[in-house]
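For reference, the structure discussed in these notes is given below.
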Amino acid sequence: VVLRYHWIQPFVCGLRARLAAFHRFFCVADQVKVYTNQNKTRTFIGLEVTAGHFQLLELVSEVDRVLEEFDLPTFYKDPSFHISLAWCVGDLSDRLEGQCLRELQDIVDGFEDSALLLRVQWEQIHCKSGNKYFSFPLR
């Protein structure tokens, strides 16, 4: 979203207040999934979050409340939290679904320590506005 310069500080203060009560948590991203951007001009392969989804939804809900205070668009209606691994130009989702997706999932599942490799601890939230960076540590 685009913030007007004079909104940056109040926006950041709103985020800081809304996110202050959140505790650190773990996410597990272990489901291979194919994504396309809204315009279908890029295709992504990502690992979808399967554990920690509820906590991410709660965070997004609080960010949405701050966005609404500034009459800005909110986050996606039904988000799919993920880690993007690769992308290409165009909509190649049909070619990647099915057999290819199953093979990629088998590779992910085959990692000996996959449960540890695909686990991410959320310790802070970052916000970038223009050339300014803000961090909000979780408790």
Side-chain angles (χ1 to χ4, degrees):
V1 297
V2 177
L3 290 176
R4 295 178 184 194
Y5 181 79
H6 63 279
W7 286 356
I8 295 173
Q9 204 53 45
F11 184 83
V12 168
C13 288
L15 282 178
R16 189 174 314 284
R18 292 225 176 247
L19 301 177
F22 281 88
H23 292 272
R24 295 175 180 188
F25 61 97
F26 284 95
C27 284
V28 175
D30 59 359
Q31 280 303 126
V32 180
K33 190 167 178 182
V34 176
Y35 297 92
T36 56
N37 65 353
Q38 203 168 12
N39 301 346
K40 305 275 188 207
T41 58
R42 298 248 189 304
T43 302
F44 301 83
I45 295 176
L47 293 174
E48 186 177 29
V49 170
T50 56
H53 191 266
F54 178 75
Q55 291 90 335
L56 290 170
L57 282 174
E58 286 183 323
L59 283 168
V60 167
S61 175
E62 292 303 321
V63 172
D64 280 350
R65 288 188 176 136
V66 177
L67 290 166
E68 287 170 348
E69 291 173 13
F70 290 85
D71 289 323
L72 294 168
T74 56
F75 202 69
Y76 299 105
K77 205 78 154 149
D78 297 314
S80 174
F81 301 107
H82 64 280
I83 299 169
S84 292
L85 301 175
W87 67 272
C88 63
V89 175
D91 182 359
L92 300 179
S93 55
D94 289 344
R95 293 169 76 185
L96 295 171
E97 297 285 350
Q99 181 65 27
C100 182
L101 196 61
R102 285 190 296 278
E103 289 176 13
L104 289 171
Q105 187 65 56
D106 287 344
I107 291 169
V108 169
D109 294 341
F111 281 108
E112 184 177 330
D113 294 328
S114 63
L116 297 175
L117 291 174
L118 306 171
R119 190 173 134 154
V120 178
Q121 183 176 15
W122 286 76
E123 297 179 353
Q124 57 187 318
I125 305 299
H126 297 277
C127 174
K128 179 182 181 271
S129 181
N131 61 357
K132 298 180 182 191
Y133 291 87
F134 306 93
S135 291
F136 310 100
L138 301 178
R139 296 172 21 154

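Values reported hereafter were calculated over all heavy atoms of this structure, with side chains retained and with hydrogens, waters and symmetry mates removed.
Separating the CG atom in Leu104 from the CD atom in Gln99 is a distance of 10.0 Å, to the nearest 0.5 Å. Atoms CD1 and SG, from Ile45 and Cys100 in turn, are 6.0 Å apart once rounded to the nearest 0.5 Å. Taking CG from Leu138 and CD from Gln124, the interatomic distance works out to 8.0 Å, rounded to the nearest 0.5 Å. Taken to the nearest 0.5 Å, the CG atom of Leu96 stands 6.5 Å off from the SG atom of Cys88.
Under the rule for a ring-ring contact (aromatic ring centres under 6.0 Å, His included), the partners of Phe81 that lie at least two apart in sequence or sit in another chain are His53.
Both Phe70 and Leu19 are part of a single hydrophobic cluster, where members link through side-chain heavy atoms under 4.5 Å apart. Hydrophobic clustering, with ILVMFWY side chains joined whenever heavy atoms are under 4.5 angstrom apart, keeps Leu56 apart from Phe54. Val108 and Val34 fall within a single hydrophobic cluster, where Ile, Leu, Val, Met, Phe, Trp and Tyr side chains are chained together by heavy-atom contacts under 4.5 Å. Transitive grouping of hydrophobic side chains (ILVMFWY, heavy atoms separated by less than 4.5 Å) brings Leu72 and Phe136 into a common cluster. Leu47 and Phe26 fall into different hydrophobic clusters, where Ile, Leu, Val, Met, Phe, Trp and Tyr residues are linked whenever their side-chain heavy atoms come under 4.5 Å apart, directly or through other members.
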- Task: Test side-chain contact (heavy atoms from CB on, under 4.5 Å) on Gln55 and Leu59 and set out the steps.
- Result: CA-CA 6 Å; Gln55 291 90 335; Leu59 283 168; 5.6 Å; no
- Message: Using the rule given for side-chain contact (heavy atoms from CB on, under 4.5 Å), can you reason through Leu15 versus Phe134, listing the C-alpha separation, both sets of side-chain angles and the distance that settles it, and then say yes or no?
- Response: CA-CA 10 Å; Leu15 282 178; Phe134 306 93; over 6 Å; no
- Applying side-chain contact (heavy atoms from CB on, under 4.5 Å), run through Val63 and Arg18 and close with a yes or a no. CA-CA 8 Å; Val63 172; Arg18 292 225 176 247; over 6 Å; no
- Item | Residue pair Tyr133, Ser135: steps toward the side-chain contact (heavy atoms from CB on, under 4.5 Å) verdict | CA-CA 7 Å; Tyr133 291 87; Ser135 291; over 6 Å; no
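Ion pairing between a basic and an acidic side chain is recognised when a charged N comes within 4.0 Å of a carboxylate O; Glu62 and Arg65 show such pairing.
No side-chain heavy atom of Ser61 sits less than 4.5 Å from a side-chain heavy atom of Leu57.
Aromatic ring orientation, Tyr35 versus His82: parallel (interplanar angle below 30°, classes split at 30° and 60°).
Side chain of Lys40 to backbone of Arg42: no donor-acceptor contact under 3.5 angstrom is found. Side-chain atoms of Thr43 come within 3.5 Å of backbone N or O of Gly90 as a donor-acceptor pair.
Using a 3.5 Å distance cut-off with no hydrogens or angles, the side chains of Ser80 and Glu48 do pair a donor with an acceptor. For the residue pair Thr36/Asp91, the side-chain donor-acceptor check at 3.5 Å is not satisfied. Arg102 and Gln105 share no donor-acceptor pair across their side chains, judged by distance under 3.5 Å alone.
Across every non-hydrogen atom of Lys77 and Pro79, the tightest pair is O-CD, 3.4 Å. Of all heavy-atom pairs spanning Ile83 and Ala29, the tightest one is CD1-CB, 3.8 Å. Closest approach of Gly52 to Phe25, counting heavy atoms only: O-CE1, 4.0 Å.
More than 12 heavy-atom neighbours from other residues, nucleotides or ligands sit within 6.0 angstrom of CH2 on Trp7. Atom CD of Gln121 sits in a crowded spot, with more than 12 heavy atoms from other residues, nucleotides or ligands closer than 6.0 Å.
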